[in-house]
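Presented below is the structure to which this report refers.
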Amino acid sequence: TQEQRARPMHQVKMFKSVDTEMADMEYQINRWMRKSGARVISITGNMSGSPNSSGGPLSSFAANDVLVIVLYEVDAPQKA
C-alpha cells in the first residue's frame, strides 16, 4: 500500500502589544516559534497611531498599538 501524506493546514497566531514593549513582544514571538516548532509561512505587522498622536506636549510619549500576525502550517490530522 502507498502511504498517504497529510496535507498541511494553515493556522494563524496573533500577538498584540504596544510599541514601547517591542522587545518583549519579539521575545514572546521567538519563544512561541521555538516551543511550538511552527513552520512559519509569513509574518505581517501593523502599528496603529494613538489617538493622542495629533499633537500636544505628551504626544511623542503616547504608545501605539502593534499587531503581529504569524501565518504557519501544521500537519492535518490523519484520517483513520
### Query
For Val40 and Leu71, what are the C-alpha separation, side-chain angles and deciding distance, and is it a side-chain contact (heavy atoms from CB on, under 4.5 Å)?
CA-CA 6 Å; Val40 175; Leu71 177 64; over 6 Å; no

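- Ile41 places a side-chain heavy atom less than 4.5 Å from the side chain of His10.
- Annotation for Val18 and Ala63: closest pair CB-CB, 3.9 Å, computed over non-hydrogen atoms.
- Remark: Arg39 engages Asp75 in a salt bridge, criterion side-chain N to carboxylate O under 4.0 Å.
- More than 12 heavy atoms of other residues, nucleotides or ligands lie within 6.0 Å of CD in Glu73, so this atom counts as buried by the packing criterion.
- Two residues are said to be in side-chain contact when any heavy atoms from C-beta on lie closer than 4.5 Å; Leu67 and Phe15 fail this criterion.
- Linking ILVMFWY residues whenever their side-chain heavy atoms come closer than 4.5 Å, directly or via other members, leaves Ile69 and Met47 in distinct clusters.
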### Val66/Met25 under side-chain contact (heavy atoms from CB on, under 4.5 Å): CA gap, chis, key distance, verdict
CA-CA 9 Å; Val66 177; Met25 184 169 69; 3.3 Å; yes

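- Taking CG from Asn64 and OG from Ser17, the interatomic distance works out to 11.5 Å, rounded to the nearest 0.5 Å.
- No option in Gln28, Lys35, Met33 other than Lys35 meets the side-chain contact (heavy atoms from CB on, under 4.5 Å) test with Arg31.
- For Tyr72 and Trp32, the ring centers sit closer than 6.0 Å to each other.
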